[in-house]
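None of the values given here were measured: they were computed from a predicted structure. Basis for what follows: all heavy atoms, side chains included, without hydrogens, waters or symmetry-related copies.
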Amino acid sequence: WTWSWMEPMIGTASFVLLCCQFVRSQASKMNMRPYSSQVLQWRSDRIAKAFPKYDVSMLRAWAQHMPTCGLHFFPTYERNFRQKGPASGL
């Protein structure tokens with residue numbers, strides 16, 4: 001009896017994740033930036049606007065390679081285990 005009320009929710013969640021993956025792959029095929037790259041661009045633009053005294057290209061390059069912050073607002077560093085590609089496995 002439990003599967004009858006769980007199946008619609010699991011199916012809907014799986015379909016939503018599948019659609020998100022499809023949209024991301026199609027956007028990358030059309031040479032569109034993914035959401036994560038857009039967030040990095042917004043962050044670099046905010047820092048460049050906050051510090052107009054400094055060189056804009058240097059600030060943007062520095063801001064895009066800052067470590068990400070978790071919910072506790074401390075940097076989250078990833079270890080490099082000599083793997084090819086990103087360390088997060090995405």
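- A side-chain donor-acceptor contact under 3.5 Å links Ser14 to the backbone of Ile10.
- Here the CD-CZ distance, from Gln41 to Arg60, works out to 6.0 Å after rounding to the nearest 0.5 Å.
- Applying the side-chain hydrogen bond (donor to acceptor under 3.5 Å, both in side chains) test to residues at least two apart or on different chains, the pairs with a partner in residues 48-58 are Asp55-Ser57.
- Summarising the geometry, atom CD1 belonging to Ile47 is positioned 15.0 Å from atom CH2 belonging to Trp42; distances are rounded to the nearest 0.5 Å.
- Proximity of a side-chain donor or acceptor of Ser25 to a complementary backbone N or O of Phe22 within less than 3.5 Å is detected.
- Note: Glu7 CD to Met9 CE = 11.0 Å, rounded to the nearest 0.5 Å.
- When every heavy atom of Ser44 is checked against every heavy atom of Ala63, the shortest pair comes out as CA-CB, 3.7 Å.
- Taking both residues in full, the closest heavy atoms of Ala48 and Leu59 are given as CA-CD1, 3.9 Å, listed atom of the first, atom of the second, then distance.
- Clustering ILVMFWY residues whenever any of their side-chain heavy atoms sit less than 4.5 angstrom apart, transitively, puts Phe51 in the very cluster that holds Trp62.
- For Met58, the CE atom counts as loosely surrounded, since its 6.0 Å shell holds 12 or fewer non-hydrogen atoms of other residues, nucleotides or ligands.
- Atom NZ of Lys29 is separated from atom CZ of Arg24 by 14.0 Å, given to the nearest 0.5 angstrom.
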